[in-house]
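For reference, the structure is listed below as structure tokens.
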Amino acid sequence: MIPIQDLLNRIIWDKEFGRGDFEIGYYDRVEERIIRVSFRMIELVPGDHFSFLLYGPEGETCSIPFHRVRQVYKDGQLIWHRGD
């Protein structure tokens, strides 16, 4: 299985592969469920190998550790997942 950081970087830098609508499914510990968000709502911070930033609908920002990412979807199709 490809590491999640490598997959996210491929979405950003591989223009052919990166075409489409991507969503990230991460485990939210407070809600105790997987939450799917648009790839456009996240930011990979250069040099941060542990987490990414998630921008909420009202402008709030939180840091999500890469190990909490459970799924990646492209155009509604599951293309990557991590078991529990």
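Values below: every heavy atom of this structure, side chains too, minus hydrogens, waters and symmetry copies. Note that the structure is a prediction, hence the values are computed from the model and not measured.
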Exercise. Do Y55 and E60 get their side chains close enough for a donor-acceptor pair, meaning under 3.5 Å?
Worked result: no

Q: Establish, yes or no, whether the cationic atom of R70 lies under 6.0 Å from the six-membered ring centre of Y26 and within 45° of the ring axis.
A: no

Is there side-chain contact between V37 and L54, with at least one heavy-atom pair below 4.5 Å?
yes

Q5 backbone acceptor or donor facing N9 side chain under 3.5 Å:
yes

query: What do the steps show when you test F22 against I79 for side chain to side chain contact (heavy atoms under 4.5 Å, CB included), and what is the final call?
result: CA-CA 10 Å; F22 288 89; I79 63 167; 3.9 Å; yes

*Salt bridge R19-E16, side-chain N to carboxylate O under 4.0 Å*: yes

*Verdict with reasoning, I24 to L8, per side chain to side chain contact (heavy atoms under 4.5 Å, CB included)*: CA-CA 9 Å; I24 305 296; L8 298 178; 3.5 Å; yes

* List the steps, then state whether ring pair (Phe, Tyr, Trp, His ring centres under 6.0 Å) holds for F50 with F66. => CA-CA 6 Å; F50 302 103; F66 286 121; 8.5 Å; no

Going through the checks in order, is the side chain to side chain contact (heavy atoms under 4.5 Å, CB included) test met by V69 and F52?
CA-CA 10 Å; V69 176; F52 60 90; 3.5 Å; yes

With distance as the sole test, does W80 use its side chain to make a donor-acceptor pair with the main-chain N or O of I2 at under 3.5 Å? yes

Can the positive tip of K74 be found less than 6.0 Å from the middle of the six-membered ring of F17, inside 45° of the ring normal?
yes

ask   = Any side-chain heavy atom of V45 sitting closer than 4.5 Å to one from L53?
value = yes

Inset, instruction - Kindly indicate whether the side chain of V72, heavy atoms from C-beta on, has any atom under 4.5 Å from the side chain of H81. - result: no

Verdict with supporting geometry, R29 and R68, side chain to side chain contact (heavy atoms under 4.5 Å, CB included) | CA-CA 9 Å; R29 294 180 306 177; R68 288 191 13 221; 3.9 Å; yes

Report yes if some heavy atom in the side chain of Y73 is under 4.5 Å from a heavy atom in the side chain of R36; otherwise report no. yes

- request: Could you tell me whether a side-chain N or O of D21 sits under 3.5 Å from a main-chain N or O of D75, the two making a donor and an acceptor?
  value: no

